[in-house]
Amino acid sequence: MTAMVTVDDALTRYEPVIGLEVHVELGTVSKMFCGCPTTFGGEPNTQVCPVCLGLPGSLPVVNRAAIESTIRMGLALNCDIAEWCRFARKNYFYPDMPKDYQISQYDEPLCTDGYLDVTVPLADGGSEVVRVGIERVHMEEDTGKLTHTGGATGRIHGADYSLVDYNRAGIPLVEIVTKPVTGTGGLAPAVARAYVAALRDIMRSLGVSDVRMEEGSLRCDANVSLAPPGQPWGTRTETKNVNSLRSVERAVTFEIRRQAGVLDAGGHIVQETRHFHEDDGTTTPGRSKEEAEDYRYFPEPDLLPVAPDPAWVDELRTTLPELPAARRARLQEQWGISDFDMDSLINAGAVELVEATVAAGADQGAARKWWMGELSRAAKDRGVELAELGVTPADVARIADLVGQGTLNDKLARLVFEGVAAGEGSPDEVVAARGLELVSDDTALLAALDDAIAANEDAVAKIRDGKVQAAGAIIGAVMKATRGQADAARVRELLLERLGE
Ligand code: ADP
Ligand code: MG
Ligand code: ZN
């Protein structure tokens, strides 16, 4: 094996070109060519029929809702929508494909030639917008799922037997293929990640897919090549089925480092598919181009061409929802915050959460402060996403409100967040159960204050001398005596009143 090269080093000699193929399962109620349900997690082989099992004599019928979703995606990605196109038969023999061919689209995709502007976070906290060209958006059907049992790795090699579940066979899939993305240099891995994230957000806002990467409803193949600056593009590898945002970034990074090592040693890159390994972030070879199957594509004879009425396409265009980029620009303006602050929110994945917190009644400043401060820290500590912390926007709005009313200070609020995240109940329940309310009852405060005055003669003398900063020591003592639950501002007032007497 050749030596790996660091990314920075690789970039001094080579320019990366990337291309991404993203498969998304559409969230239609029924499958692409039959009426079977698409719900996830059913008992194996309970959501099947003669069509998706490929039984002789059965005939497919195109799902109109899937066509509509694909056209809406194409429009959101600034594509041209074909006025006439056909499905193609992609022939291959594999046990997860009961018909022994997959109905797909080949040289006549439904949507072509679009783009997506992607905001890529930079290391210094800023961001850069990169336009990613979209080659095509086409439709196909998903395959079944194989489970290999008995081998050490869950792979087919060494397995005792394999199980097949056809529930997924025939679920509508959309494949979105980018044009080669050039000129991004060291940003290439971040561009790949940001592109997949942006695509996911668009799909969510269109409501065409729930895009849960962990359930495999969005999968990405990452193509990478390297060439010296000014030279024609190099040979690409295609790392298959990368299924998290982080993995997309790591897979591209690994391929840049590996390919640079091969080229440095005078080797050449083999055009092949590769597998990504989550555990160590490496890729290993799969099929090479020489072994690649010839799919013998031909127009699918069992289906009519798809010819969406231009008037319908126009109607779909006018009913597209506000897309994530436009929404973010609007929110930034509404909240009156800087590019830098907006970028930080985007990078932290907090835009939607802050928006929902504001909708629940909080001030934008308070909402941003909690999500970007305390809650981001807690999410990082626990290695989870902000949205998975167990604290809802409504909880944050309520806690911000309690701070605003003077029932909590920031320190107590942190304990309330901790309690809510730990599943102890709503903010009010946590405040009540943990007894976290600020003590603003003067009698209780005065008792603690008098003790503190008696114990801190030096500080008292200084305050009387006009050195008001010395009040900190006494306020601190009162806070300690009340376990942090005194209202510091009120203690200060009482102290100055007391000494003024
Ligand atoms: P395949 O069927 O081999 O996967 P596709 O056309 O579906 O081919 O996808 C190829 C992907 O690779 C596209 O995203 C394309 O932009 C990208 N690509 C093409 N040439 C290169 C290259 N030299 N380096 C990196 N990516 C490339
Ligand atoms: Mg491909
Ligand atoms: Zn079916």
Side-chain angles (χ1 to χ4, degrees), residues 14-23 28-39 42 45-55 58-63 88 90 92 98-99 102-107 109 112-116 132-138 140-142 144 165-184 188-189 191-192 195-196 199 219-228 231-242 248 251-252 255-256 259 268-274 286-289 291-295 297:
Y14 308 106
E15 279 181 4
V17 174
I18 58 171
L20 298 154
E21 302 165 67
V22 173
H23 283 94
T28 51
V29 177
S30 58
K31 291 188 181 179
M32 186 68 222
F33 302 111
C34 63
C36 289
T38 54
T39 32
N45 299 309
T46 54
Q47 298 168 184
V48 292
C49 75
V51 174
C52 56
L53 287 176
L55 299 187
S58 63
L59 283 173
V61 176
V62 173
N63 180 335
K90 179 180 184 181
Y92 67 101
K99 296 194 292 286
Q102 179 188 31
I103 304 179
S104 181
Q105 288 194 299
Y106 182 50
D107 49 357
T112 50
D113 199 20
Y115 62 84
L116 175 58
V132 175
I134 305 292
E135 175 86 36
R136 65 177 192 269
V137 177
H138 75 242
E140 57 191 40
E141 56 178 334
D142 210 345
D165 174 8
Y166 290 123
N167 286 353
R168 198 178 68 183
I171 290 195
L173 275 188
V174 167
E175 179 170 352
I176 303 125
V177 182
T178 70
K179 296 179 181 172
V181 182
T182 60
T184 57
V191 170
Y195 165 77
V196 177
L199 206 54
R219 285 165 271 163
C220 175
D221 302 339
N223 294 268
V224 178
S225 68
L226 293 185
Q231 298 289 308
W233 299 336
T235 304
R236 69 182 158 104
T237 59
E238 180 182 359
T239 303
K240 304 289 283 184
N241 291 325
V242 188
V248 171
V252 173
E255 274 303 289
I256 291 175
Q259 292 184 16
H268 68 279
I269 302 300
V270 183
Q271 184 168 346
E272 62 190 358
T273 61
R274 296 182 70 88
R287 271 180 288 118
S288 74
K289 196 186 174 196
E291 304 160 45
E293 287 128 292
D294 173 3
Y295 294 119
Y297 282 100

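Read the numbers this way: they start at 1 and go in the same order the structure lists the ligands and their atoms.
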Checking contacts here: is it the side chain or the backbone of [X] that comes within 4.0 Å of ligand 1, counting heavy atoms only? Could be both or neither.
{"X": "H138", "answer": "neither"}
{"X": "L20", "answer": "backbone"}
{"X": "I18", "answer": "backbone"}

Judged by non-hydrogen atoms, does P16 sit under 4.0 Å from ligand 1? no
Validation row: R136, Q105 side chains within 4.5 angstrom (heavy atoms): no
Flag side-chain contact, heavy atom, 4.5 Å: S30 against N63: yes
Surrounding OH of Y295 (heavy atoms of other residues, nucleotides or ligands, distance under 6.0 Å), is the total greater than 12? yes
Taking side-chain hydrogen bond (donor to acceptor under 3.5 Å, both in side chains) as the definition, give me every residue that meets it alongside D113, ordered by chain and number, with sequence neighbours left out. K179
I'd like to check which ligand 1 atoms, numbered from 1 as shown, lie under 4.0 Å from a non-hydrogen atom of [X].
{"X": "G234", "result": "23 (N)"}
{"X": "W233", "result": "23 (N)"}
{"X": "G19", "result": "14 (O), 17 (C), 26 (N)"}
{"X": "R136", "result": "6 (O), 7 (O)"}
{"X": "T178", "result": "13 (C), 14 (O), 15 (C), 16 (O)"}
{"X": "V177", "result": "9 (O), 13 (C), 14 (O)"}
{"X": "K179", "result": "16 (O)"}
{"X": "E21", "result": "4 (O), 5 (P), 7 (O), 9 (O), 10 (C), 11 (C)"}

Could you work out, with ring pair (Phe, Tyr, Trp, His ring centres under 6.0 Å) as the rule, every residue matching F33, not counting sequence neighbours? F87
Residues at least two apart in sequence or cross-chain that pass ring pair (Phe, Tyr, Trp, His ring centres under 6.0 Å) with Y166, listed by chain then number, are none
Between E175 and ligand 1, is there a nitrogen or oxygen pair with a distance under 3.5 Å? no
Sort by chain and number the protein N/O/S atoms that are closer than 2.8 Å to the Zn ion (ligand 3), and list them. C34 SG, C36 SG, C49 SG, C52 SG
Would you name the heavy atoms of V177 and E21 that are closest together and state the gap between them? CG1-CG, 4.1 Å
Would you say T38's side chain and T28's backbone share a donor-acceptor pair under 3.5 angstrom? yes
Name of the residue among N241, L20, V22, T239 meeting side-chain contact (heavy atoms from CB on, under 4.5 Å) with D221: N241
Can you name the one residue among Q102, K31, K99 that meets side chain to side chain donor-acceptor pair (under 3.5 Å) with E141? K99
Can you tell whether the side chains of E140 and K90 come within less than 4.0 Å, N to carboxylate O? no
Whether the Q259 and T237 side chains hold a donor-acceptor pair (N or O, under 3.5 Å, no angle test) is what I'd like checked. yes
